[in-house]
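All remarks here apply to the structure that follows.
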Number of protein chains: 2
Amino acid sequence: MQGRVITISRQCGSGGHSIGNELAKRLDVPFYDKEIIEMTAKESGFHPQFVEEKGEHMESSMLSNLARHLSCAGRGNYEDYQPLQDQLYFSQANIIKELAEKGPCVIVGRCADYILWNRKDVLNVFIHADMEFKKKHCMERRQFPEGNAEDMIRRRDKLRADHYRYYTDQKWGDSFHYHLCLDSSMFGIEKCVDIIEDACKAMRPAS
Amino acid sequence: MQGRVITISRQCGSGGHSIGNELAKRLDVPFYDKEIIEMTAKESGFHPQFVEEKGEHMESSMLSNLARHLSCAGRGNYEDYQPLQDQLYFSQANIIKELAEKGPCVIVGRCADYILWNRKDVLNVFIHADMEFKKKHCMERRQFPEGNAEDMIRRRDKLRADHYRYYTDQKWGDSFHYHLCLDSSMFGIEKCVDIIEDACKAMRPAS
């Protein structure tokens, strides 16, 4: 199999992290998910907690950033007014480009599909699942307090979709932006890894 | 492998018809694409050409149908005013439900994923491709006059997307509505058939 960069975008609770991690082990390539937080924090100087919270989530307070951005248009050097989340996005995007440049790897989330779209050696994957699966997956990992997992999942996905829309001007989860989309609640985690691994072998040449 | 109903939604020129046909042969199950046109014409009394043209394409002239529909609201029996395309849609939907009820098969297009969504034995697949692949695929089949294939492909997909949106209130090609989405220009026709066939084996039980 040719060495490839695989991006995995995923709904909260769909098992995208586990799928990416297992896939990277099978392909014997580096795996980057939370690891990107530390790298970006180091590169940008932002606190790791800020990078984690804003690195792929668009909070409504960011609307004020947008308003500030727009109100500054034409009145000076944009760099002086660049909102913090934009600075974070571009710093994180540079890290992702550098990781892809180093060689084959698996990168989870953070608009990596969009950031690397012009590379011919990238396979973009999207993982989604039904709510029952996502709730069960999150409860098993004690990711959210019992009782309001569904609300938390919907909120997390809403923030990811808003972040993706803001920085890519595309709809998160629209199949046209990915080479392969899978419903992990239909196939299960292990089979999703099998399918992606198999699909990698059939990618068109990267020339 | 358990017997399943597989629906294939597809962009024009993506090879979805060929993929579905080959898949049905491999699984030794009936294949329904254009065949649904004759069945619907027979059932509904509409001319086959009308069924072909309006069965999965929403023309702008249908807006007048919608306006007529709305203007009639509350002023009589809806059945008396039901637009022709709505009658065609429901007739075609009944045919699709009957085909699925008969047993395992492959059904192409016509909102079959939405119409059969409440069945547990259905695998919904979406096939898309980049424009170069779609143009090449259509030119090889002499589907459109040379020189304006791209315009014709975009137009055909626009009509399909509008039709899907009108009858399902969902976005055509949004990965959340399908269990498996594939970019055929990345993997090729044969490999797409392989991946779907393999994925069928791992579907969760239909209980």
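A, B, ... follow the sequence lines: proteins, then strands. Residue 1 opens every chain.
Contact check for B/F187 versus A/L123: side-chain heavy atoms found under the 4.5 Å cut-off.
The shortest non-hydrogen separation linking B/H128 to A/S175 is NE2-O, 3.0 Å. Counting all heavy atoms, side chain and backbone alike, B/V122 lies closest to A/M186 at O-CE, 3.9 Å. Across all their heavy atoms, B/A199 and A/I195 have their closest contact at CB-CD1, 4.0 Å.
Atom CG of B/N148 has more than 12 heavy atoms from other residues, nucleotides or ligands within 6.0 Å. Heavy-atom neighbours of A/Q49 CD from other residues, nucleotides or ligands within 6.0 Å: at or below the threshold of 12.
Using a 4.5 Å cut-off between heavy atoms, B/E190 does not touch chain A at all. Only the side chain of B/F126 comes within less than 4.5 Å of a heavy atom in chain A; its backbone stays farther off. No part of B/N124 comes within reach of chain A, as not one of its non-hydrogen atoms sits under 4.5 angstrom from that chain. With a 4.5 angstrom heavy-atom cutoff, B/S184 does not touch chain A via any of its atoms.
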> Under the side chain to side chain contact (heavy atoms under 4.5 Å, CB included) criterion, do B/D183 and A/L180 qualify, and how do the steps go?
Replying inline: CA-CA 6 Å; B/D183 178 345; A/L180 175 60; over 6 Å; no
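Atoms CG and CZ, from A/D174 and B/F176 in turn, are 9.0 Å apart once rounded to the nearest 0.5 Å.
For the set B/H179, B/K171, B/K191, the entry with the most heavy-atom pairs within less than 4.5 Å of chain A is B/H179.
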